[in-house]
Amino acid sequence: SQTIHQWPATLVQPVGSPLSLECTVEGTSNPNLYWYRQAAGRGLQLLFYSVGIGQISSEVPQNLSASRPQDRQFILSSKKLLLSDSGFYLCAWSPARGPSSRPQHFGDGTRLSIL
Amino acid sequence: DAKTTQPPSMDCAEGRAANLPCNHSTISGNEYVYWYRQIHSQGPQYIIHGLKNNETNEMASLIITEDRKSSTLILPHATLRDTAVYYCIVGGNDYKLSFGAGTTVTVRA
């Protein structure tokens, strides 16, 4: 069966510091990968998605970036964090092939606090 | 641009069926209805999805009206562990699922 891992579970960072969040998927090949952010008390906002190695689509302009160095690895980065970057960051995957109704499956998230 | 409308909250008695409504009057022909739930401090959990026909799995049933403008998620025997925020989402095959505010469901003993 497929599993998705995110780490760390929680992170406290000072303003202006860099960020790197990692997500890996096991048990499937060539998945579609996604990064979402959820601000406190709000719905999920899609940040990036990827349909293959090196292929990244950005949904929201911001100081965050994403990379996919390997088939099942998705990384969210920032060079300088802002207070507004605080939130709950979620990685998700979906099968690349199959019926068009492929649901996304989420990891347990990283809770990021900026001080 | 919300594609779905859900009540902000609802209560349900433990052991009873919970019926969660969702309106999606602007749904297009190739868009599916997905349901997820999010328990506090966890990632969203996929529940069920459908296009036209009613669907059932081990977690829930999904009833979609014939005109596809609304749907109902049914949790047949709610337990305290079903307390969560439930999201009804409409999406096609463009990779984008838009999560709104959802319905906060509280199951009471």
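Throughout, a chain's letter reflects where its sequence line sits, starting with A, and its residues are numbered from 1. Hydrogens, waters and symmetry mates are skipped; everything else that's a heavy atom, side chains included, is used.
- Within the 4.5 angstrom heavy-atom criterion, atoms from both the backbone and the side chain of Leu44(A) approach chain B.
- Defined by atom type and a distance below 3.5 Å, a donor-acceptor pair is present between the side-chain atoms of Tyr34(A) and Ser94(A).
- Note: Tyr36(B) and Phe106(A) meet the aromatic proximity criterion, with ring centroids under 6.0 Å apart.
- Between the side chains of Tyr49(A) and Gln104(A), no donor-acceptor pair of N or O atoms lies under 3.5 Å.
- With a 4.5 angstrom heavy-atom cutoff, Gln38(B) touches chain A only via side-chain atoms.
- With a threshold of 4.5 angstrom between heavy atoms, Gln38(A) approaches chain B through side-chain atoms but not through N, CA, C or O.
- Side chain of His24(B) to main chain of Arg68(B): a donor-acceptor pair is present (N/O by atom type, distance under 3.5 Å, no hydrogens or angles).
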